[in-house]
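All chains are named by letter (A, B, ...) in the order of the sequence lines, taking the proteins before the strands, and each is independently numbered beginning at 1.
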2 protein chains.
Amino acid sequence: VSDMDTEIREQPGIVASLAAADSTPYGEVCRAAKSAHVQFVLYIGRGTSDNAAVYGQYLTATRAGLPSGLALPSATTLYEAELNLRHSLVIAISQSGETPDVAETLAYAQTQGALTVAVTNNISSPLASAASWALPTSAGIERAVAATKTYTAELAVLALLWATWADDRSLLADLRETVPAAMQQALESSDSVNALAPGLVDSEQLLVVARGYNLATALETSLKIQETAGISALAYSGADLMHGPIAMLDPGMPVICFAPSGKTQGSMLQVISTLRGRGVRIVLVAPESALALLDPNQRPGSQTRKGRRKEKDLEWVPLMEVQEVLSPLVAIIPGQLLACNLAVARRRDPDRPRGLSKVTHTR
Amino acid sequence: VSDMDTEIREQPGIVASLAAADSTPYGEVCRAAKSAHVQFVLYIGRGTSDNAAVYGQYLTATRAGLPSGLALPSATTLYEAELNLRHSLVIAISQSGETPDVAETLAYAQTQGALTVAVTNNISSPLASAASWALPTSAGIERAVAATKTYTAELAVLALLWATWADDRSLLADLRETVPAAMQQALESSDSVNALAPGLVDSEQLLVVARGYNLATALETSLKIQETAGISALAYSGADLMHGPIAMLDPGMPVICFAPSGKTQGSMLQVISTLRGRGVRIVLVAPESALALLDPNQRPGSQTRKGRRKEKDLEWVPLMEVQEVLSPLVAIIPGQLLACNLAVARRRDPDRPRGLSKVTHTR
């Protein structure tokens, strides 16, 4: 068993612990930001943590009503732009806390008047020291180079922070119980994911599509597949896909679609209908209710309930439904398992992707 | 000759005209935004216009010292987030001005207290009507579905706006003369680009890499190659590439690297050195000075001056050097020509990518 597989399976427990832990630091950050009249949130992250930041951006809009952006590290580290960051909250996300340009950009933001927060798995890292508040992801040491448990832990910390801001008790309650249970179920019903790998092992390219909160899920699934399985996976929002990239979809090309729940589900199902007309091979990660919406005339049989239904052009990976804002914590699990399975099927070591190390030194 | 090819060749003239036109509207926007104490800029765009917005973000940081973000249309159109946009400048970019969710998001921003600007090629569009100021791209009707001349016109309008903010006269002067001349030269010395197509025609995947201002160039080159040639092209910043995707680079995989000038050039040349160690096939789009930095021991011969030097692992596409902040207007031209050539070589119609229309209806 690979470290990556082991760490994927630790996730429900880590999220449950984070949700049960002392929430004082979240309250402190929110109080400070509100009394500083923060107008805008800037996220800093690279790779997996950048994908967590995309989730953070949607939370920031829906839970705090604030606009946000992803930092452009080279604007400050290379071009030496003088940013005015008064009234900004800057949130840097990094598993190791040691990527130099992330820590440097946060330290710079501090000097420019921003309130600064580090979300990191290493509370004694340079990044944690540079920030006014450090919010630990408490996922334990991550041995695999491909980040999995620290990704969902980052999502959980961001959800806790913004739920605290909005006093969203339903989110806080679901993060404690419903979400870990749904994550556990995604791990236990992994047959449908395992069944995918043989059919995808020879694909040199595939697409991953989602919308809204789960745009992060599409980005992170494609990154995991790139780094562990070495397949050229492209991620798109369902809306952006229609602006050009749809032209490159040849019949038979695999397209992984996430439609876990909520307001984006309808628009994802429209995207899927368009894709089916083009003969691509769809993998739909969604609860059974979404499947029913897609094919209203088709009654699910016993095969469907096990999540192994395979039609000519659509394979289904079932998910337990949770409220949409928390669905990225559950929906990423099939994506991680698929990346890990594909790596093994392609005779690669999922724990040691070629040419990567755990801390990336970029400026 | 395709419309796409014709429109690519119109670009130097369009940029020169935009730079020579009345600058009153730019001054008005800047004065209004400064007196409203704008703290933050939000860009709205999809597809090609989203790539122009990435360029806009770097300009906003370096010319105005303001943080910025890309809007999340689904946060407002689907999740109905209540954004506080007082002290925000919202800039929507759209060739047609008719993409419903772009116009809707801008109209929403207006109601939330933002100053709003439309950058569009259709001054009588719903988007232009909804905005407080409309800045025309004046590129004439674009017939090809793949946007080319409206992309560089969008870049030029953004450069004019932020140069006006900073009173950057060197930028304004270069946009009038040096840049159109360098664009013209890129069109005239297209032999080196034409020479690439036969070697890339059978590639099902390739990578496009750049940094800083030219991250937009990488994103737009990959989008053009996807939509016209149907090749799965991935764009990365040089820094992000090291965080995972580098693991999927097999020997022989084509990687197009942009290193046109300035402060990011050194970091791009480092990326290229790393890539050469992995045996990938590099296409370097850069002035001759960058080539000299890469191989300090090698003297360029006469073959080099024509831009047709071909080493075992590196092909070179020459560019005339302009100041880095304006280099995306020049560097995109080889990217556009390559996409158009590759489409023809793959027996596709560059003017009518499969499954695309000129206005995209998404919500």
Heavy-atom distances under 4.5 Å only: say whether [X] touches chain B with side chain, backbone, both or neither.
X	result
I231(A)	backbone
A233(A)	backbone
L223(A)	side chain
T274(A)	neither

Chain B interface, residue from [options] that has the most non-hydrogen pairs under 4.5 Å:
options	value
V325(A), N84(A), T228(A)	N84(A)
R63(A), K224(A), R348(A), R86(A)	R348(A)
S68(A), G230(A), P67(A), A75(A)	P67(A)
Y43(A), Y58(A), Y236(A)	Y58(A)
V271(A), T264(A), L70(A)	T264(A)
G65(A), G69(A), A64(A), A81(A)	G65(A)

[X] versus chain A, the contacting section by heavy-atom distance below 4.5 Å:
X	result
Q57(B)	both
Y213(B)	both
I225(B)	neither

Worked verdict on Q226(A) versus L234(B) for side chain to side chain contact (heavy atoms under 4.5 Å, CB included): CA-CA 11 Å; Q226(A) 288 174 14; L234(B) 281 92; 3.2 Å; yes

Partner chain A: residue of [options] with the largest heavy-atom pair count (under 4.5 Å):
options	value
E204(B), Q112(B), H87(B)	E204(B)
G277(B), A147(B), S232(B), S88(B)	S232(B)
Q39(B), Q270(B), M253(B)	Q39(B)

Rounded distance (nearest 0.5 Å) linking atom [atom1] of [X] with atom [atom2] of [Y]:
X	Y	atom1	atom2	answer
R46(A)	L241(B)	CZ	CG	11.0 Å
L78(A)	T62(B)	CG	OG1	12.0 Å
T77(A)	K263(B)	OG1	NZ	10.5 Å
I246(B)	E227(A)	CD1	CD	12.0 Å
L83(B)	F40(A)	CG	CZ	12.0 Å

Pair R346(A) + D250(B), salt bridge at N-O below 4.0 Å: no

Atom of E324(B), atom of Y79(A) and distance for their closest heavy-atom approach: OE2-OH, 2.7 Å

